[in-house]
2 protein chains.
Amino acid sequence: MPRPRVLPYIILGLLNKNGMMSGKDMISEFKTDISEFWTVSHSQLYPELQRMVDEKQIKVAEDVEVKDRKVINYVIEAKGQETLKRWLAEPITLKNDELTSLKLYCISDQRAPILQQILKQCLALHQQKVVHLKARKELLFGDELAIKANYGHYLILSRAIERESDYVNWLQSKIN
Amino acid sequence: MPRPRVLPYIILGLLNKNGMMSGKDMISEFKTDISEFWTVSHSQLYPELQRMVDEKQIKVAEDVEVKDRKVINYVIEAKGQETLKRWLAEPITLKNDELTSLKLYCISDQRAPILQQILKQCLALHQQKVVHLKARKELLFGDELAIKANYGHYLILSRAIERESDYVNWLQSKIN
DNA sequence: TCTTGCATGTAAAGGGTTACATGATTTG
DNA sequence: CAAATCATGTAACCCTTTACATGCAAGA
């Protein structure tokens, strides 16, 4: 199985959040607000939009107002909202955790139950990570000599523990 | 240009660090110590090893001792050491920063000048990131209302700032 | 009308993963 | 000697990016 696709969900998330959008609007939002976590090229976006129209996830918006340019506007359909909802509700695992920030980005409402659900799953996952990393550090670098022999490895392992611990603390502060 | 290749450099880094290794040895180290940052499948590794032998970056090690199995052992060549050195010395940018941990992993010696060089470049880069993210937060969420309207976005932006700030502090603590 | 810019669209090339294959070695 | 294991090898498929293409529209 190839790498799971992310783009369709982000498209749904944006349309669900912002209402009507064109491909250009999406690319603009990708660059300004999402580029920190994820990137996409326009040559990937436009075919994907067409595919999603075929799948009835989204539809071309009737240009109510001006038909200024060759801009094509899209809106989300009911099926797309279902797809988005299922994606957000997927259990968070080591494999898909890199998408968690993107999922959060799609959730506007502070009181949405799915938000706390995601934060809690994320917390559990990263608490596990901390435990695993600390055990690994103890095993590999319990001896001072080992640190000198593999200093770079020691550095990134120490850093990973600090990073994950910091993340865990932050997650806890955001959970009710 | 397609995504720049990482695997050859990791292979060189491992061989430089560990001496003689077989493909299986590498996969084993990938899984135990590097999987936190990077993954590779064996179907990618073995052809790459052959390519690198053709390029004289590495060579098949004469089985000095036992020829127990069909295991093939490799050692790094002078050309490979040069390649590795150049890779480690490449300036760190937003594009290639995701590889920085892997580079550090390849550096055993705490007093290697390249190590401090990498840490300093990394620091500068992430300090810039903090500045940029804080400006973005001020712009987007200076208003309390905006936070409620896009809570998920607010969350990941706040988190990014904290994560980057924490990283900056850590980097500073490791720089002479 | 001609040029330039721009939103959208298409093509080609390489990276990466999963699934399957090979051949030797251990194990019963 | 048969069967299972395992290091290595191969094939097919999709994702992603870069480069190039199209066609309309604003402005000179």
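First the proteins, then the strands, lettered A, B, ... as listed; each starts at 1. No hydrogens, no waters, no symmetry mates; every other heavy atom, side chains included, goes into these values. In this text the structure is predicted, and so the values were computed from the model without any measurement.
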Between atom [atom1] in [X] and atom [atom2] in [N], what is the gap in whole Å?
{"X": "B/E29", "N": "D/dA7", "atom1": "CD", "atom2": "P", "answer": "16 Å"}
{"X": "B/M21", "N": "D/dA7", "atom1": "CE", "atom2": "C1'", "answer": "14 Å"}
{"X": "B/I10", "N": "C/dG16", "atom1": "CD1", "atom2": "C1'", "answer": "15 Å"}
{"X": "A/N96", "N": "C/dT17", "atom1": "CG", "atom2": "C1'", "answer": "17 Å"}
{"X": "A/E48", "N": "D/dT16", "atom1": "CD", "atom2": "C1'", "answer": "12 Å"}
{"X": "A/K24", "N": "C/dG5", "atom1": "NZ", "atom2": "C1'", "answer": "11 Å"}
{"X": "B/L45", "N": "D/dC6", "atom1": "CG", "atom2": "C1'", "answer": "15 Å"}
{"X": "B/Y46", "N": "C/dT17", "atom1": "OH", "atom2": "P", "answer": "15 Å"}

Task: Donor + acceptor pair across side chains of A/Y105, A/E36 (<3.5 Å) - done: no
Task: N-O pairing of B/D109 and A/K148 below 4.0 Å - done: no
Task: Closest-nucleotide ordering on DNA chain D, the 5'-leading residue of A/V6 and A/H42 - done: A/V6
Measure from the side-chain N and O atoms of [X] to the backbone N and O of [Y], and report whether any donor-acceptor pair falls under 3.5 Å.
{"X": "B/Q121", "Y": "B/I92", "value": "yes"}
{"X": "B/N16", "Y": "B/G13", "value": "no"}
{"X": "A/N96", "Y": "A/T93", "value": "yes"}

- [ ] May I ask you to say what B/T39 touches in the nucleic acid, namely base, sugar-phosphate or nothing, with a heavy-atom cut-off under 4.0 Å?
- [x] sugar-phosphate
Taking OP1 and OP2 of [N], is either one under 4.0 Å from a side-chain nitrogen or oxygen of [X]?
{"X": "A/S41", "N": "D/dT17", "result": "yes"}
{"X": "A/Q44", "N": "D/dC15", "result": "no"}
{"X": "B/R5", "N": "C/dG14", "result": "no"}

Open item on the list: Between D/dT18 and A/S43, counting only base atoms on the nucleotide and side-chain atoms on the residue, is there a donor-acceptor pair under 3.5 Å?
Closed with: yes
Open item on the list: Quick check for you: among D/dT10, D/dA7, C/dA7, whose closest atom lies nearest to any side-chain atom of B/Q50?
Closed with: D/dT10
